[in-house]
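Quick caveat, the model's predicted, so the values are computed rather than measured. By convention in this document, chain letters (A, B, ...) are assigned in the order of the sequence lines, proteins followed by strands, and residues within each chain are numbered from 1. Just so you know, these numbers use all the heavy atoms, side chains as well, and skip hydrogens, waters and symmetry mates.
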2 protein chains.
Amino acid sequence: MAAEEDAEALAAARPLLTDLYQVTMALGYWRAGRAHDHADFELFFRRCPFGGAFALFAGLRDCVRFLRAFHLRDADVQFLASKLPPDTDPAFFEHLRGLDCSSVTLRALPEGSLAFPGVPLLQVSGPLLVVQLLETPLLCLVGYASLVATNAARLRLIAGPEKRLLELGLRRAQGPDGGLTASTYSYLGGFDGSSNVLAGQLRGVPVAGTLAHSFITSFSGSEVPPEPMLAPAVGEGPAVNLPAHVKVWLERVCAHLGLGVQEPHPGERAAFVAYALAFPQAFQGLLDSYSVCRSGLPNFLAVALALGELGYRAVGLRLDSGDLLRQAQEIRGILQSTAARFQMPWLERVSITVSNNVDEEELARLVQEGSEVNVIGIGTSVVTCPQQPSLGCVYKLVCVGGQPRMKLTEDLEKQTLPGKKAAFRLLDADGSPLLDLLQLAEEPSPQPGQELRVWPRGAQEPRTVRPAQLCQPLPSLAESRAFAQRSLGNLRAAHRRLQSPEQYQVALSERLQALVGSLSTGSSL
Amino acid sequence: MAAEEDAEALAAARPLLTDLYQVTMALGYWRAGRAHDHADFELFFRRCPFGGAFALFAGLRDCVRFLRAFHLRDADVQFLASKLPPDTDPAFFEHLRGLDCSSVTLRALPEGSLAFPGVPLLQVSGPLLVVQLLETPLLCLVGYASLVATNAARLRLIAGPEKRLLELGLRRAQGPDGGLTASTYSYLGGFDGSSNVLAGQLRGVPVAGTLAHSFITSFSGSEVPPEPMLAPAVGEGPAVNLPAHVKVWLERVCAHLGLGVQEPHPGERAAFVAYALAFPQAFQGLLDSYSVCRSGLPNFLAVALALGELGYRAVGLRLDSGDLLRQAQEIRGILQSTAARFQMPWLERVSITVSNNVDEEELARLVQEGSEVNVIGIGTSVVTCPQQPSLGCVYKLVCVGGQPRMKLTEDLEKQTLPGKKAAFRLLDADGSPLLDLLQLAEEPSPQPGQELRVWPRGAQEPRTVRPAQLCQPLPSLAESRAFAQRSLGNLRAAHRRLQSPEQYQVALSERLQALVGSLSTGSSL
């Protein structure tokens, strides 16, 4: 895909998207003769977001793109030189010019995996100087992607599998790329699609759209369509004048609903007719520009029925204000009575889309038993993650020159687990994740069916479990999305629930536990 | 600036960064023969963010870039065609291929202006089809930029003019561009600089950095610097072996502080020495990798004093955990006693930088009377705007073909003010903004000193005021930043305060008030 490559180039061409201290530290390493020391970093989070017991890992494809294209251009190096001491050895800048990630190894959870506190999302190994430089970009690429995927997964859990969820948050995101990231990873997390066209073009996210109030209010009713004639959907019948037919149907609809034929707004009706002429196979209406029941709905019905007479079926209507659940119930009733009255049975199943500040609480209301809402558009709440707008990932040095490293700060939560590690997800007999096991890379892998003694993080006693390994290749976005849903389906309900969930266990192997103990007792290594 | 142009091209090359419904509406307008109808849109917000009484407008430079470069490439049009009905008239796609913004007029508040609810931030006029397509990108470019600028301005108001505020939030932003936008507009809103190197390169934001824990923990103390010799800062004295000198100074410092010389971590000290060898003129330390008082501070002092003996002055230290205010007080005391003990008076004034989840409340604590904190680094709280993560701007059609348009929804807050308008900021005798006046574009401008009857929004009675016009050309980022601070300085304290502020008034002219009345009474125009 050329467009994808193009986007890749755009995103990846910015190695200066980093904190200045990465560069000053790079000079420090270089001056200390340590640029090529082999280092192992881990990227992880310390607490699950939103008070839940899980997160979804996302952003790996962006990280891989970034690493593949990582290269400092002359202009970049010149800019860095302007921020470093004037007597800096020119050989340092030569070193920067030659940097790439060909010596860097990236290990990661599969995109869309369930992820838990302290378990590495990424393990990055390579020359100390370059893997240090990667810290900020990798945190930037993983943190928000995983946060919004997790947020979307929560909203999907609330909505259940049947309702369609559309992400509409581009205009509420942190600028263009925030919007692109949000659309991509809310799809990965379980949404059905997005309004964001660029996410469709660059990432293959299904895109969807309705129409806006400005389209409705741009019509006064005095406009004359240049081509008002519409041919039937099938067959050879004559084309009809759609506005004229709509006028006839409006009278019938108003009589059926007990409304005066002057009440529905003529501009709104003209807008619906214009949309129907452009999209006869996919007519939809936005009903709340004036009054839903006295204007939007009768106008919609008049156009939908006129189209129906020609063999076209309206696909949906949207509500963007007021009590969305109650209105959907009322409208479904009117759709049903109108369908029966005019013998157009398809009309009663027209899709009802709602939007307007839908958050977790309102979503739960909208999907309650018996709700007539079919599609829910969510913008701000999915994109900005207002319950917790950042995941707080960290990128910590765990090993350098083969020697384990540990940050022994007085803030216990900020202490790190030392050593290059392997992580395993142990499954229960029924396939649910039982716990995640962290062990040293050199320890033998746990074997399915074989008993194992492990130390749950923070526990004083070990416990005994039986393991199964988790290992997948990098899949497509749609595959990652399906994988995320399967993973969530396998997670025990106690961990999956959004309110007061039971925490999922992450455990250390005996040897890792022993290493932590030995590094914690002496202040020096 | 080539780099700036480059970034401009990157950001502006994405006309598909829009909601799909803009494209379906475009086809609707085109099919209705209305693509070229002259339309006027206004972009505004309905409520000030964060419970305050003001916002800062930002993002104009990005909007101007976007409009200048707006053009659909063949691949873009092909992608859109794949999402529209297969029988769509090819002439529509030809029309899209030829689109640009040469017929679009953009009027805006000056970048960095105070902004208030309902007053247009942008007024966009031009052919209906193209100005409709611009809705989502403009909302995306203005919304977050203005939100984060306003957030930064609040943090600056809390911090007062003296403390240095650094934005460190790149890793917590919504992907790469979210980070770039955050760094740019938190600077505009009143921060002193950012850690984001790309914001320095592309936008001229001052960049700053310290060092990270991974740099400290990467050293064990067994490393041997390849070039341990350091020449004096000035003069012709002999170079000295810095690590050896530091060792001597460590003994003196530990004796002064009553610590055992084995207590400070040797790896941390080696890291400080490595940093000092790379940055003798700009040495700084991060003190909380192990223990601030028993390791970080004595190691820092030993290196700073060894450098001091050679005529170099350490520039700062940073704390990233624990009670930041209390630690800063204690450390200042130790800096003072150590400066006196070793007769290096500059040492007592070393800058203390703090970071670690600083929000509005913690910031107020850190800048209280007598605080020894000099620089405050803020990441998550400035970048994600957790108090309110989106501004909620809207883009509304107010006039088409010269006819005023009004959205008369049943949700009163979502009603729009009709007509193409002019906005004026009326100043009080002392230069403070008194109120903002919205009037119809064709009304004569208010004149300074001349009485005027206006209708405060939502009020039942008019009031009488005397005006002064506001009008500035598009300034540089630094000028916009200064302008924002001046504007905030002129705002009355009652509106500026962050808790329970008095709302600033936005008023309608008599004619605009009359137009609202006439459009509200009849449901059709």
Side-chain angles (χ1 to χ4, degrees), chain A residues 10 16-21 24-25 27-28 31-33 79 136 139-140 144 170-172 174-179 181 195 197-198 201 207 209-211 213-215 217-218 220 225-226 265-266 274-275 277-278 288 290 321 380 384 386 389-390 397 400 405 407-409 411 414 523-525, chain B residues 10 16-21 24-25 27-28 31-33 79 136 139-140 144 170-172 174-179 181 195 197-198 201 207 209-211 213-215 217-218 220 225-226 265-266 274-275 277-278 288 290 321 380 384 386 389-390 397 400 405 407-409 411 414 523-525:
Chain A
L10 287 178
L16 294 199
L17 188 84
T18 195
D19 292 310
L20 184 63
Y21 75 1
T24 55
M25 290 190 286
L27 177 56
R31 179 72 169 77
F79 181 77
T136 311
L139 286 170
C140 183
Y144 176 67
L170 174 54
R171 63 188 63 187
R172 306 298 178 221
Q174 290 179 7
D177 189 80
T181 309
S195 64
V197 183
L198 196 65
Q201 187 184 32
V207 290
T210 58
L211 61 172
H213 296 106
S214 51
F215 186 81
T217 59
S218 80
S220 69
H265 196 291
Y275 199 86
L277 286 168
D288 65 335
Y290 301 101
S321 55
T380 310
T384 67
S390 87
L397 181 68
V400 61
R405 287 288 182 269
K407 183 181 158 205
L408 275 173
T409 170
D411 183 342
K414 287 194 164 188
S523 79
S524 53
L525 296 182
Chain B
L10 287 177
L16 294 200
L17 189 83
T18 195
D19 292 310
L20 183 64
Y21 75 1
T24 55
M25 289 190 285
L27 176 56
R31 179 72 170 74
F79 181 77
T136 311
L139 286 170
C140 182
Y144 177 66
L170 174 55
R171 63 188 63 187
R172 306 296 177 223
Q174 290 178 6
D177 189 80
T181 309
S195 64
V197 182
L198 196 66
Q201 187 185 32
V207 291
T210 58
L211 60 171
H213 296 106
S214 51
F215 186 81
T217 59
S218 80
S220 69
H265 197 291
Y275 199 87
L277 286 169
D288 65 336
Y290 302 101
S321 55
T380 310
T384 67
S390 87
L397 181 69
V400 62
R405 286 289 181 269
K407 183 181 159 206
L408 275 174
T409 170
D411 182 343
K414 288 194 164 189
S523 79
S524 54
L525 295 184

Atom pair CG/OG of B:L20 and A:S195 - distance to nearest 0.5 Å:
8.0 Å

Do A:P389 and B:Q174 touch side chain to side chain, with heavy atoms closer than 4.5 Å?
no

Tightest non-hydrogen contact, residues A:C140 and B:L170, listed as SG-O, 3.6 Å

Nearest heavy-atom neighbours spanning B:S214 and A:L397:
O-CD2, 3.5 Å

Okay, B:S218 and chain A: the region with an atom under 4.5 Å from a heavy atom over there is both

Return the OH to CE distance between A:Y275 and B:M25, rounded to the nearest 0.5 Å.
8.5 Å

Based on non-hydrogen pairs under 4.5 Å, which of B:T380, B:L139, B:T181 is most in contact with chain A?
B:L139

So, do A:D19 and B:V197 sit near enough that their side-chain heavy atoms are less than 4.5 Å apart?
no

All side-chain contact (heavy atoms from CB on, under 4.5 Å) counterparts of A:T210, not counting sequence neighbours
A:Q284, A:R318, B:Y21

Which heavy-atom pair separates B:A274 from A:A32 by the least distance, and what is that distance?
CB-CB, 3.9 Å

Taking B:R171 for its side chain and A:T136 for its backbone only, find out whether a donor-acceptor pair lies under 3.5 Å.
no

What's the separation between atom CG in A:L16 and atom CD in B:Q201, rounded to the nearest 0.5 Å?
4.5 Å

How long is the straight-line distance from CZ of A:R31 back to CG of B:L277, given to the nearest 0.5 Å?
4.5 Å

Distance, nearest 0.5 Å, that separates CZ of B:F79 from CG of A:L198
8.5 Å

Using non-hydrogen atoms only, which part of A:V400 is less than 4.5 Å away from chain B: side chain, backbone, both, or neither?
side chain

Please examine the side chains of A:T24 and B:F215, heavy atoms only from C-beta on, and report whether any two atoms are closer than 4.5 Å.
no

